[in-house]
2 protein chains.
Amino acid sequence: MREREEPWEPPLLMVTVDLVILTLRASVLQVLLVERGIEPFAGCQALPGGFLSDEKEDLHAAALRELQEETNLDASRLHIEQLGTYGAPERDPRGRILTVAYLAIAPGLPEPVAGTDASGAAWTPVDRVLSGQVRLAFDHRQIFDDAVERARTKLEHSPLATKFCGGEFTIAELQGVYETVWDVKLDERNFYRKVQRIPGFIEPTGADRRAAKGRPARMFRAGPAKALHPPLTRPEGPHAEEES
Amino acid sequence: MREREEPWEPPLLMVTVDLVILTLRASVLQVLLVERGIEPFAGCQALPGGFLSDEKEDLHAAALRELQEETNLDASRLHIEQLGTYGAPERDPRGRILTVAYLAIAPGLPEPVAGTDASGAAWTPVDRVLSGQVRLAFDHRQIFDDAVERARTKLEHSPLATKFCGGEFTIAELQGVYETVWDVKLDERNFYRKVQRIPGFIEPTGADRRAAKGRPARMFRAGPAKALHPPLTRPEGPHAEEES
DNA sequence: TGAATAGTGTCTATGAGACATTATCTT
DNA sequence: AAGATAATGTCTCATAGACACTATTCA
C-alpha cells in the first residue's frame, strides 16, 4: 500500500460530476440527455454534467449547481443523492477521468428545457434507453441503469415518490408514480389505504381537487418521514435479481 | 455549466481510496484502523487507505488491492462494495482531496494484522468508535458511520451476513452475525425457519458440526441468491430514522 | 340519471412472532 | 441421567391482496 504519509507525489486526476435527472412527463418516466457536440462520442447522447470546477466547491454543491443550471428549479422541490463513482481506466478515451454520478428526481417539468446553458438537452423516455434504442456515450449506460435501479428500490423504502409530484398531489397521482417507475399495475383501493397507514409519509392538506369528471380527490403533501415503515413492497414477478 | 467540450483546462485533483473493513472477532464487530504517523492528525486513528496510484488501475481493483494488502485474504471470501465519495472542500487540511470510500466485510480474522505493510493497523470494536471513545482523523467518522449504517441495512436485503462467516457455518453462527451487527436479540427458532425459507440464501453442506456440548448442528454455505426475498427485517424499536 | 372517479368495508390466505416440545449429542 | 444445544410444531394476531360496495362529482 502506498501510505499517504510518504514523501511521494500522488497522481492528479480529472473528475467530472454527471447527473441522471429523472422526471415524469405525461405519465412517462423521462431522463434528461444532452447531445455531444464534439469528440469523443460526437453526436451521441450523454448524461449532463461537467468537470468539478472550483477547488472550494463541495461535491454535493457542485451536483446541485449543475442540476439547477439544467432545470432551473428551486432546490426545495428537488431530490438529489450521490449514486456512485465510476473509475474504469478506459471509460473515457481522453484519459483517466473519474466521474461522480448523482441521481436527481424532479417534478414534471413543463417543457423541454431550452434557452439555458445546456442547449441540446432534451427529455427522453427511460425505456428508449433501457431498450437500447438510444445509445449513450462513455459508460453512461451503466450509470443510467444503476440510477434507474436505485430509483426503483428507493421507492420502496423512502418517500422519494413524492419528489416526482409537485408540492400537492392526490393519492391517485402518487400511485401513478409507483406504477410508472415500477412498470406495474397496482390496486387503487389497497394502495389508498396502505399509503395512508405509513406514518409520516403523506399528510392531507385539507383541499380537494376537482377534475372534469368524478368525485373530487383529497390533496396531500409529503410528510416528515425520511423512511417508509412499513415499506411499500414491489409486487413480485419474474424479476432478474440485482444487487451490488 | 462548464461544458466538458470547452477548450478549457479542467482542474486536477488528488483522489484517495479509503476502506472500512468490518469483521467479527469473538462475537464483537470490529473495524480495522491505522494510527497516523505524521501530520495532519498525527497519532490519530484513521481508516486504512491510500492514494489512487496507477493511472490504469480500476477504482474497484484499487480498493481490492488495498484490502488484500491489509488483510491478505483471498478475494473469494471477501465482500467489497463502494460506499460513496466524500468531497467536502475542507475535509483534508492539505488541500482538495477526494476520497472514494469502500465497505469491506471479512470473516473473522485470526489475530491483529502485523508484519504486513500496514504496520500499526489494529482491530477496534465498532462501538468504541460509535460512542466516541475513539476519534478518527479527517471526516473518517462520517464515513465510518455511513459504513455501519450501510452494513446494517444490507443485512436485511442481501446475503451479506454470510460474508462474516467462513465458507461453512451453522445457523446459530449466522444468527450471531445478525444479533451482533444489529445489536438485538432474535428468537432462535423463528430465525431458524425464516432463514431457510428464503430461496437461495443458504444451502446445507450435508456435514454436521459437533461442539463440546449439545446436539450437533448442520452446516450451511452461502447460496446463489444475490438478494433476500422476503427480506430479513430488523425488529423495530426506538430507532432514529435515517436515510440519504 | 349515468358515467366516472374517490373512498370504505370485508373476506381470506399467508407470514411473523411467541413459545412448547421433541431430538441428539457429551459427560 | 443430566445438561446443553439443535430442530420442529403450534398458536395467535396482524397484514397483504382480492374485490364488493358506497360516496360525490359532472354532464
Side-chain angles (χ1 to χ4, degrees), chain A residues 27 155-157 161 165 168-180 182 184-199 201-221 227-239, chain B residues 27 155-157 165 168-179 182 184-221 225 227-239:
Chain A
S27 296
L155 244 49
E156 299 191 66
H157 307 285
C165 306
E168 299 198 355
F169 48 86
T170 68
I171 292 192
E173 285 166 355
L174 188 63
Q175 180 175 347
V177 173
Y178 279 91
E179 292 187 331
T180 304
W182 283 349
V184 294
K185 178 87 187 84
L186 302 175
D187 184 281
E188 308 86 13
R189 298 153 299 188
N190 291 334
F191 185 85
Y192 191 92
R193 274 185 292 99
K194 212 160 154 181
V195 165
Q196 296 202 53
R197 227 187 275 176
I198 301 173
F201 186 16
I202 58 173
E203 46 194 30
T205 67
D208 282 357
R209 166 180 300 170
R210 33 219 335 127
K213 302 199 157 188
R215 175 175 174 175
R218 299 175 197 155
M219 302 297 292
F220 293 81
R221 72 173 72 90
L228 267 31
H229 295 294
L232 272 172
T233 52
R234 194 166 7 170
E236 68 222 281
H239 269 302
Chain B
S27 296
L155 245 49
E156 299 190 66
H157 307 286
C165 307
E168 299 197 355
F169 48 86
T170 68
I171 291 191
E173 286 166 354
L174 187 63
Q175 180 175 347
V177 172
Y178 278 92
E179 293 187 331
W182 284 350
V184 294
K185 179 85 186 86
L186 302 174
D187 184 281
E188 308 87 13
R189 298 151 303 187
N190 292 334
F191 185 85
Y192 191 92
R193 274 184 293 98
K194 211 160 155 180
V195 165
Q196 297 202 61
R197 226 187 277 176
I198 301 173
F201 185 16
I202 59 174
E203 47 194 31
T205 67
D208 282 358
R209 166 180 299 170
R210 33 225 328 133
K213 302 199 157 188
R215 175 174 175 176
R218 298 173 196 155
M219 302 298 292
F220 293 82
R221 71 172 74 89
L228 267 31
H229 296 296
L232 272 171
T233 52
R234 193 166 7 169
E236 66 224 283
H239 269 302

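No hydrogens, no waters, no symmetry mates; every other heavy atom, side chains included, goes into these values. A quick note: this is a predicted structure, and the numbers were derived from the prediction, not measured.
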Rounded to whole Å, please give me the gap between NZ in B:K185 and C1' in C:dA18.
13 Å
N/O donor to acceptor pairs below 3.5 angstrom from side-chain atoms of residues 204-220 of chain A, sequence neighbours left out:
from	atom 1	to	atom 2	distance (Å)
A:T205	OG1	A:A207	N	3.2
A:T205	OG1	A:M219	O	3.4
A:R209	NH1	A:E173	OE1	3.3
A:R209	NH1	A:E173	OE2	2.1
A:R218	NH1	A:Y192	OH	3.4

Whole angstrom is fine here: how far is it from CZ in B:R197 over to C1' in D:dA7?
14 Å
In chain order, what residues pass the side chain to side chain donor-acceptor pair (under 3.5 Å) check against B:E179, with sequence neighbours excluded?
B:Q175, B:K185
B:V195 vs B:L232 side-chain heavy atoms within contact, under 4.5 Å
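Side chain of B:V195 against side chain of B:L232, heavy atoms only: contact under 4.5 Å found.
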Roughly, in whole Å, what's the span from NZ in A:K213 to P in C:dA3?
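Rounded to the whole Å, the gap is 10 Å.
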Could you state the NZ-P distance from A:K194 to C:dA6, rounded to the nearest angstrom?
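Atom NZ in A:K194 sits about 19 Å away from atom P in C:dA6.
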Whole angstrom value for the distance that separates P of C:dA6 from CZ of A:R209
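Taking atom P of C:dA6 as the reference, CZ of A:R209 is at 10 Å.
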Give the rounded distance in Å between these two atoms: CZ of A:F191 and P of D:dT15.
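For the pair A:F191 CZ and D:dT15 P, the rounded distance is 18 Å.
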Specify the separation, in whole Å, of atom CG of A:D187 and atom P of C:dT10.
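To the nearest whole Å, that distance equals 17 Å.
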Between B:L174 and B:F201, is any pair of side-chain heavy atoms under 4.5 Å apart?
yes
Taking atom P of D:dG17 as reference, at what distance in whole Å does atom CD of A:Q175 sit?
13 Å
Tabulated below should be each protein N or O lying under 3.5 Å from an N or O of nucleotides 7-9 of chain C; please produce it.
from	atom 1	to	atom 2	distance (Å)
C:dG7	OP1	A:R218	N	2.8
C:dG7	OP2	A:Y192	OH	3.3
C:dG7	O5'	A:Y192	OH	2.7
C:dG7	O3'	A:R218	NH2	3.2

Closest-nucleotide ordering on DNA chain C, the 5'-leading residue of B:R210 and B:P230:
B:P230
Can you give me the closest heavy-atom contact between A:A161 and A:L155, atom names plus distance?
N-CD1, 3.8 Å
B:H157 versus A:H157: any side-chain heavy-atom pair under 4.5 Å?
yes
